[in-house]
Amino acid sequence: AQTVTQSQPEMSVQEAETVTLSCTYDTSESNYYLFWYKQPPSRQMILVIRQEAYKQQNATENRFSVNFQKAAKSFSLKISDSQLGDTAMYFCAFDETSGSRLTFGEGTQLTVNP
Amino acid sequence: NAGVMQNPRHLVRRRGQEARLRCSPMKGHSHVYWYRQLPEEGLKFMVYLQKENIIDESGMPKERFSAEFPKEGPSILRIQQVVRGDSAAYFCASSPMMRETQYFGPGTRLLVL
């Protein structure tokens, strides 16, 4: 069974600084998708970024970028120029090839301080 | 383009009652997924449906829980004879095709008294 591990339950960063959230996963598949979702205090689940495993280039979305290390099964999220609105729970998720279910990590609570 | 709609947003039930949670996918999306989030935990997959078909229900509890996605109307997650352990946030997501990005609704918070 696929597992997703987020080893940092909580993190904090000063506004305008850069922070990196870690995620590792375990799978025997070669083709899959990885996601980062954020869940602000409103509890809405919002897609942050998506990475296809067959693509070597790391995905970027404005201030958000990933460092995808397929051999190491690592998928970290870097947030540049952190903003107060980035305060949220961040979930790493894995989409296995054989189905369409997402497997989520336990989340990292990020707090951006003014 | 409206996002995924879920209603009700909050639902309170007493033990033994039934809970019905509704999900309307984004326009053009025919794949629906249900997830449950217990307090202080990540989301756990429950069931994956296409119109009129259950594709994967491996995450559904064996008893009391059922889901449907009829040809017309929203997807329904039904919990019979609720217990306090069913208190959680239930999220619905939709995608246009299998393996496409899933977009989530705002969730339904179920509280069982």
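Numbered from 1 within each chain, the chains take letters A, B, ... in sequence-line order.
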For B:Met60 and B:Leu77, what are the C-alpha separation, side-chain angles and deciding distance, and is it a side chain to side chain contact (heavy atoms under 4.5 Å, CB included)?
CA-CA 10 Å; B:Met60 287 276 272; B:Leu77 179 67; 4.1 Å; yes

Evaluate side chain to side chain contact (heavy atoms under 4.5 Å, CB included) for B:Leu43 paired with A:Leu102, printing each intermediate quantity in order.
CA-CA 9 Å; B:Leu43 279 71; A:Leu102 291 175; over 6 Å; no

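- For the atom pair OG of B:Ser66 and CZ of B:Arg78, the computed distance is 5.5 Å after rounding to the nearest 0.5 Å.
- Side chain of A:Lys38 to main chain of A:Tyr90: no donor-acceptor pair is present (N/O by atom type, distance under 3.5 Å, no hydrogens or angles).
- Between B:Met46 and B:Pro61 there is a side-chain heavy-atom pair separated by less than 4.5 Å.
- In this structure, chain B has heavy atoms under 4.5 Å from both the backbone and the side chain of A:Tyr33.
- A 4.5 Å side-chain heavy-atom check between A:Asn67 and A:Ser74 finds every atom pair outside the cut-off.
- From A:Ser76, atom OG reaches atom CH2 of A:Trp36 across 7.5 Å, with rounding to the nearest 0.5 Å.
- You'll find the side chain of B:His10 stays beyond 4.5 Å of the side chain of B:Leu111, heavy atoms only.
- Residues B:Leu110 and B:Arg36 fail the side-chain proximity criterion, which asks for heavy atoms closer than 4.5 Å.
- At a heavy-atom cut-off of under 4.5 Å, chain B is reached by no residue from residues 54-64 of chain A.
- Of residues 100-108 of chain B, those residues with a non-hydrogen atom less than 4.5 Å from any non-hydrogen atom of chain A are, in numerical order, B:Glu100, B:Thr101, B:Gln102, B:Tyr103, B:Phe104, B:Gly105, B:Pro106.
- Taking the side chain as every heavy atom from C-beta outward, A:Ser82 and A:Glu15 never approach each other to under 4.5 Å.
- Between B:Asp56 and B:Phe45, some side-chain heavy-atom pair lies under the 4.5 Å cut-off.
- In this structure, chain A has a heavy atom under 4.5 Å from the side chain of B:Ser58, while its backbone stays farther away.
- Under the 4.5 Å side-chain criterion, counting only non-hydrogen atoms from C-beta, B:Tyr33 is in contact with B:Ser95.
- Evaluated for a side-chain contact (heavy atoms from CB on, under 4.5 Å) with B:Phe69, the options B:Ile54, B:Leu49, B:Val47 yield exactly one hit, B:Leu49.
- Both B:Ile55 and B:Tyr35 are part of a single hydrophobic cluster, where members link through side-chain heavy atoms under 4.5 Å apart.
- A:Phe94 and A:Tyr32 have tilted rings, their planes meeting at an angle from 30° to 60° on a 0 to 90° scale.
- Listed in order of number, the residues of residues 103-114 of chain A that approach chain B to under 4.5 Å between heavy atoms are A:Phe104, A:Gly105, A:Glu106.
- Between A:Arg101 and B:Tyr48 there is no side-chain heavy-atom pair separated by less than 4.5 Å.
- Using a 4.5 Å cut-off between non-hydrogen atoms, the part of residues 44-53 of chain A that approaches chain B consists of A:Gln44, A:Met45, A:Leu47, A:Arg50.
- Under 4.0 Å is where a charged nitrogen must lie from a carboxylate oxygen, and between B:Asp86 and B:Arg13 no such pair does.
- Between the OG atom in B:Ser94 and the CE atom in B:Met26 there is a gap of 6.0 Å [rounded to 0.5 Å].
- For A:Gln39, the part lying near chain B is the side chain, with the backbone staying farther off; criterion is any non-hydrogen pair under 4.5 Å.
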